[in-house]
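Report on the structure given below.
In each ligand, atom 1 is the first atom listed, and ligand 1 is the first ligand listed.
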Amino acid sequence: MPPTEHKGLLRWVDEVAGLVQPARAYWCDGSATERDRLYEELVSAGTFIPLSPATRPDSYLARSDPRDVARLEGRTFICCQREADAGPTNNWVPPDQMRTQLSALFAGSMRGRTMYVIPFAMGPAGSPLEIWGVELTDSPYVVVNMRIMTRMGTAVLDALGQEGEFVRCLHSVGAPLAGKDRSVPWPCDPGNVHIAHFPETREIWSYGSGYGGNALLGKKCLALRIASTMARDEGWLAEHMTVIKVTAPSGEVKYMAGAFPSACGKTNLAMLVPTLPGWKVETIGDDICWMRLGSDGRLYAVNPETGFFGVAPGTNETTNPNAVATVSHSTIFTNTALTPDGDVWWEGLTPEPPEGLIDWKGDGWSPERSDKAAHPNSRFTVPAAQCPSIAAEWMDPEGVPISAVLFGGRRSSTVPLVLEAFSWEHGVFLGTCLASETTAAADGAVGVLRRDPFAMLPFCGYNMADYWAHWLSMATTAGREHLPKMFLVNWFRQGAGGGYLWPGFGENSRVLAWVFARCGQAGHEGPGGDGQARQTPIGWVPAPGALPTDGLAVAAPQLEELLRVDLGEWRAEAALLRDYYNLFGDRLPAGLAGELAALEQRLAEVP
Ligand code: OXD
Ligand code: MN
């Protein structure tokens with residue numbers, strides 16, 4: 001007997017079962033017993049390799065099919081009725097056409113497999129922003145990852161009651177089994193991947209991939225693409241942002257949100273250990289934040305997730321000691337290398353690779369090989385509660401009030417270390433300017449500069465220009481007085497010789513301290529606050545000496561170069577931006593066209 005009387009849910013589960021023809025349906029209760037059983041099954045199926053209990057207790061390594069290692073943006077679709085509502089940055093297919101296409105792929109796709117029913121909740125229990133979903137999947141790997149990343153199981157079914165609303169999330173790896181066939185360890189159908197979103201009916205259909213961003217449907221698909229459309233309709237914000245709690249030596253606390261494209265150090269910022277004495281950073285969330293206006297006109301943020309699905313390579317005791325401690329036990333690793341004594345390894349974990357490594361594909365590896373031992377997008381899935389820097393209030397249903405929003409890309413030139421917007425509108429403009437050199441989190445070439453406004457390019461479920469208008473509208477709805485200040489940051493600027501100018505990581509606390517001081521005054525216009533600032537045509541930058549640099553090993557000329565605003569580069573940037581804005585035709589908000597014209601004007605006024 002299914003453990004619910006929710007007729008809509010029961011009907012949908014039956015309908016899907018009729019289409020995908022599973023051998024059986026199983027309703028997940030989210031218990032530890034269920035988890036243990038699934039882990040055992042994953043081990044006997046060869047999907048999970050248990051790691052050494054001595055060095056990495058309760059942890060497992062999964063190796064994916066080598067063709068299924070990242071988000072597939074080219075196979076991700078927004079299926080709303082009108083193409084213009086998806087906008088020029090999304091792949092659009094009309095909903096009926098996509099349903100027909102997908103119904104053919106899903107027909108019989110779970111044959112011989114179990115269909116797991118995963119009731120899950122995103123957002124703290126009882127939060128005004130809590131959203132329920134149900135994922136149907138034939139992947140036990142997805143079930144156990146969802147158990148870490150969301151609140152999952154019976155409690156959610158109980159909360160749904162008989163008619164609670166939920167987002168329908170359908171997922172199949174697309175590898176039916178015939179007769180007594182045994183499954184391969186990582187089933188998938190790489191040639192036919194579709195990740196389709198139907199924002200008008202709040203549905204997600206994902207076929208063919210088991211990779212986290214494509215298959216854990218609570219994350220990018222629900223908490224960003226579907227939630228962004230819900231947020232537009234209901235007046236809140238669903239964002240690809242970390243949320244941190246910053247405590248100054250005086251004990252004063254401010255919360256900050258930060259939008260960074262995938263694999264640009266957002267998780268490192270979320271768990272930062274300040275080098276600046278007396279400062280403390282704690283974690284509210286590392287990847288996604290939902291924000292709503294409070295009755296006091298401030299933006300309050302919650303982290304909709306309960307776990308981290310972080311990029312492993314580059315994580316070590318220096319770059320992110322809190323992440324290293326977090327994944328010391330009870331972690332699922334995917335596509336890292338394996339050491340001979342049953343532990344995981346990835347590039348950057350230690351300066352030298354241990355001997356006798358097995359690479360992410362399961363083959364012997366040695367440092368002479370030109371390829372990496374761990375996949376560059378190898379990941380850890382781990383409960384957020386295990387993180388030493390998690391803030392006590394990370395699950396507060398009301399959320400935390402945000403004082404500053406940071407936008408940061410990976411830019412070798414042009415963007416100074418930190419820049420403060422002149423106003424809310426100018427801040428939204430800076431968010432639209434975000435661009436980054438691409439990383440391994442999505443398929444495609446790495447290191448190419450691409451526009452990634454608000455770090456939402458792959459995640460905005462509707463027309464990007466309407467999304468910008470929605471951000472602008474916050475000031476109209478709430479008044480700008482208590483809205484956060486906005487900043488552009490860039491940890492990745494390079495000098496003439498090509499090396500990074502800024503050490504980053506814990507030293508980023510110096511930038512946070514300046515931002516903190518800049519938030520010290522009410523209102524948005526003017527230079528005020530403790531941190532002194534210098535006005536430039538592109539925004540406020542720290543005045544000479546305003547960035548705390550005691551003990552910092554960055555020479556003065558280097559620091560000057562980091563904060564330099566190169567007018568030539570910005571004139572080129574403004575021209576690129578004008579071309580980019582042209583893509584959006586008459587959907588471009590007038591406020592942003594005005595901001596661009598004002599920037600061009602300011603740049604023209606300087607000789
Ligand atoms: C992620 C991503 O996995 O942005 O967080 O790709
Ligand atoms: Mn992300």
Can you find an N or O of Arg71 that's nearer than 3.5 Å to an N or O of ligand 1?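 Yes, at least one N or O pair falls under 3.5 Å.
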
Any donor-acceptor N or O pair under 3.5 Å, side chains [X], [Y]:
X: Asn335; Y: Ser64; value: yes
X: Arg379; Y: Asn377; value: yes
X: Thr47; Y: Trp186; value: no

For [atom], find the nearest protein heavy atom and state the residue, atom name and distance (0.1 Å precision).
atom: atom 5 (O) of ligand 1; result: Lys220 NZ, 2.9 Å
atom: atom 3 (O) of ligand 1; result: Arg379 NH1, 2.8 Å
atom: atom 4 (O) of ligand 1; result: Ser262 OG, 2.5 Å

Please state the angle at the Mn ion (ligand 2) spanned by NZ of Lys220 and OD1 of Asp287: what is it, rounded to 10 degrees?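 About 100°, to the nearest ten degrees.
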
Find all atoms of ligand 1 within a distance of less than 4.0 Å from any non-hydrogen atom belonging to [X], and give their numbers and elements.
X: Phe459; result: 4 (O)
X: Asp287; result: 5 (O)
X: His240; result: 4 (O)

Looking at Glu305 and Arg151, is any side-chain nitrogen of the basic one under 4.0 Å from a carboxylate oxygen of the acidic one?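 So Arg151 does not pair with Glu305 through a salt bridge.
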
Just checking [X] against [Y], ring centres under 6.0 Å apart?
X: Phe77; Y: Trp92; value: no
X: Tyr467; Y: Phe459; value: no
X: Phe407; Y: Phe487; value: no

Where does Phe260 meet ligand 1, judged by heavy-atom distances below 4.0 Å: at the side chain, the backbone, both, or neither?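 Neither; no heavy atom under 4.0 Å.
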
